[in-house]
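To start, the structure itself, in structure tokens.
The structure displayed is predicted, hence computed values, not measured ones.
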Amino acid sequence: MARVLHRAPMQIAERVAKHIPAASFVAKVDVARPGYVNFTLAEDWVASQVPAILAAGETWGNQTLGNNARVQVEFVSANPTGPITIGSARNAVIGDVLASVLEAAGYAVQREYYVNDAGSKVRHFGGSILSRYGDLFNVDIPFPENGYPAPYVTDLAQLVKERFGSAYLDKEREVAVRELGHWGIKQVLHGVEDDLKQLGVHFDNWFSERSLYESGLFDQMMAQLSEGGYVVKYDDATWFRHEDLEKDAVLIRSPQVIPDPEGRPTYLASDMPYLWNKLVVRGFDRAIYIWGADHHGDVPRVQAGAKALGLDVDRLVFIIYQMVTLMRGGEVIRMSKSSGEFVTLRELVDEVGADPIRFNMLTRTVDVTLDFDLDLAVEQSDRNPVFYVQYAHTRIAGVLRHAREQGWDTEAGGDASLLTHPSEQALIRKMLVLPELIAMAATNLAPHHLTTYARELASAFHAFYRDCRIVSDDAADAELSAARLMLARAAKSVLARVLHLMGTSTPDRM
RNA sequence: GCCCCGGUAGCUCAAUUGGAUAGAGCAAGUGCCUUCUAAGCACAAGGUUAGAGGUUCAAGUCCUCUCCGGGGUACCA
């Protein structure tokens, strides 16, 4: 504006400030260098918001910017060929909390787990189980080259023996492999669901990759892509081609490479019917994928697929989070299910607890790699930042208990206009920020802002607690105590709201 | 080689998307429990935001290059 008006920024700011109409919630408007116009909220307006916050309760902070648009968040989706590992914990927490934030912002959200039950992994998995199963009968069945050597496979084989006896020895090899693969996945998924539940994560829908083939959607997509000239045959193989792709083409099906007796194509191929299913069949306005950095390279392919199918690419949103480096006592632990070297999510939750894991996974943006030291996580559990926030909640619960013991009716409310102390005002202002914060986190798809806010809110309460005696013995302060009890209750409610959004618990005692 | 993400206090990370004097937690320093939970609070200390250019009223944030770390770059999933 300075350039257009040929005036110094400060002069413009002063003119603007002078013409701002008086409003009840603005105490004063002043100007600061180099050209800011500052609004100061009126103390009595700030104080008057406390009953409103209290009345809103668990809905405080909710926004309508989502307009009930239907959004799907698909996350975790780890291969169901073994238990969930710590590697998936970050994915689970990001997806779950992002979904909660979007709900709070007014979106209609579905949480989905994509079950990879159609690839060659299933066959390798089934073959692994069959081989171990054979061992139990002293029958030598070769272990697959890309099999799973981990002990849980042997446990599954044992279970097969208990349930079905020697039935699988009599079946044709390929049939046994396929059936055991599918059966094994079903068993593993039960465990996965339970492990995630321990972490406080649940899914609205478990979507089977296999169903994309069984429903005929895959063939339908292939026909559609063929028509658009996006499918190329070369030798016996089928390729997907698109000008956006860096490489010339992506393999869809090749009998030489994937000698699957069921004739299944590569897993890359199912991305197309899957995104069609999301956006067209089920009609989500937006589909959010939560992927680890190791899958980053797949993004262009899925986007190209959407384009080739004539869909708006912007309806697909990819959140790529950086990897978690797992450590123990400063040593890096390398994990993979196929090597059998891994730490399960279950072990971690049992050892550390869900709350610290969730909070830790949330404190950083998705863009930075995360070091997670198992020893440190256990050692420092007492000083974990999540406890700082929960302690504020607990402290309020304690104060309210104390007040009731002193004969106060903590539900009675009070005169908010008495809340003029700077620490009281600061606490209320912090509570008033939550709607804005939820809007920001939802717009930027950045759930980590919640942890920063939670700490600031807890800090504002602790300062208030230090500066202001809430439950006074002096009868002359009865009015003030009532007002402060109301404020404490409102603070507890907002803390609980934030803790719930993060999926962490709200203890009344610690 | 090419593509993506980082590099901010001794360590781990924030910074409302280009705004005011870059903030927290650990670690180290000083002080606060006969009064609602000290898992807390206050004070003090800690910085050339990897480096060099550029864009503009304004850069940790945007552009170019260099260096360092992580991930990807399969006819694996």
Side-chain angles (χ1 to χ4, degrees), chain A residues 1-3 8-9 32-36 38 78-79 81 116 118-122 124-125 145-146 209 234-239 246-247 249-258 266-268 292-300 320-323 325 337-338 360 363-373 376 380-392 394-406 408 433 436-437 439-441 443-444 446 448-449 451-453 455-456 458-459 461-473 481 484-485 488 507 509-510:
Chain A
M1 274 168 78
R3 185 165 296 170
R33 284 180 309 167
Y36 292 101
N38 288 332
N79 278 315
T81 51
N116 295 112
S120 54
K121 286 218 164 184
V122 183
H124 299 145
F125 187 47
E145 201 178 322
N146 297 309
E209 179 185 9
Y234 182 75
D235 285 346
D236 282 337
T238 309
W239 302 73
E246 235 178 87
K247 290 275 166 73
V250 175
L251 185 75
I252 291 177
R253 173 177 280 168
S254 164
Q256 287 114 28
V257 180
I258 319 265
T266 66
Y267 95 117
L268 309 166
D294 53 341
H295 288 278
H296 182 258
D298 295 340
V299 174
I320 307 298
Y321 65 92
Q322 299 301 310
M323 311 305 316
T325 312
K337 274 178 209 169
S338 41
N360 261 312
T363 47
R364 297 154 181 82
T365 67
V366 298
D367 292 327
V368 303
T369 53
L370 189 66
D371 290 337
F372 199 97
D373 194 305
L376 229 56
Q380 293 192 342
S381 61
D382 280 355
R383 311 178 175 161
N384 200 293
V386 71
F387 295 122
Y388 176 79
V389 178
Q390 289 177 325
Y391 178 61
T394 298
R395 228 180 187 182
I396 300 174
V399 170
L400 294 177
R401 275 196 303 271
H402 174 79
R404 282 191 292 271
E405 283 162 15
Q406 301 297 309
W408 289 88
V433 170
E436 199 181 318
L437 182 99
M440 176 181 71
T443 304
N444 300 333
H448 76 279
H449 290 299
T451 58
T452 309
Y453 176 76
R455 280 199 287 225
E456 288 170 358
S459 173
F461 171 76
H462 287 309
F464 160 65
Y465 178 88
R466 163 191 28 111
D467 292 337
C468 304
R469 178 76 199 178
I470 299 170
V471 182
S472 174
D473 302 330
S481 282
R484 285 177 174 169
L485 277 170
R509 292 175 198 275
M510 286 174 75

Test side-chain hydrogen bond (donor to acceptor under 3.5 Å, both in side chains) applied to A/Gln406 - qualifying residues, sequence neighbours left out: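 Not a single residue meets the side-chain hydrogen bond (donor to acceptor under 3.5 Å, both in side chains) criterion with A/Gln406.
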
| request: Would you please name every residue forming a side-chain hydrogen bond (donor to acceptor under 3.5 Å, both in side chains) with A/Tyr453, sequence neighbours left out? | output: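 Scan of A/Tyr453 (side-chain hydrogen bond (donor to acceptor under 3.5 Å, both in side chains), adjacent residues dropped) gives none.
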
Paired with [N] by Watson-Crick or G-U wobble geometry, both distances under 3.5 Å: which nucleotide is it?
N	answer
B/C75	none
B/C41	B/G31
B/C62	B/G54
B/C67	B/G7

* **Partners meeting ring pair (Phe, Tyr, Trp, His ring centres under 6.0 Å) with A/Tyr388 (sequence neighbours left out)** =>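 Scan of A/Tyr388 (ring pair (Phe, Tyr, Trp, His ring centres under 6.0 Å), adjacent residues dropped) gives A/His462.
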
Short side-chain N/O contact from A/Thr363 to OP1 or OP2 of B/U12, under 4.0 Å: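 For A/Thr363, the contact criterion (side-chain N or O under 4.0 Å from OP1 or OP2 of B/U12) is not met.
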
Side-chain-base donor-acceptor pair under 3.5 Å for A/Asp371 and B/U12
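Check fails, no donor-acceptor contact within cut-off.
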
For nucleotides 19-32 of chain B, 5' to 3', base contacts (B), sugar-phosphate-only contacts (S) and non-contacts (-) with protein non-hydrogen atoms under 4.0 Å give BB-----SS-----

Original post:
Expressed in angstrom and rounded to an integer, what is the separation of A/Asn146 atom CG from B/C75 atom P?
Top reply: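 Between P of B/C75 and CG of A/Asn146: 15 Å.
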
query: What nucleotide, of B/A15, B/U35, B/U16, holds the atom closest to the side chain of A/His449?
result: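 Selected nucleotide (nearest to the side chain): B/A15.
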
Original post:
In terms of side-chain heavy atoms of A/Arg395, which of B/C5, B/A38, B/C36 is nearest?
Top reply: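 Side chain of A/Arg395 sits closest to B/A38.
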
**OP:** List for me each residue that meets salt bridge (charged side-chain N to carboxylate O under 4.0 Å, His left out) alongside A/Arg395, sequence neighbours excluded, and say none if there are none.
**Re:**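 So A/Arg395 forms no salt bridge (charged side-chain N to carboxylate O under 4.0 Å, His left out) with any residue.
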
Going by side chain to side chain contact (heavy atoms under 4.5 Å, CB included), name the residues that satisfy it together with A/Ala403, two or more places apart in sequence or in a different chain.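 A/Trp408, A/Thr410, A/Val471, A/Leu485.
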
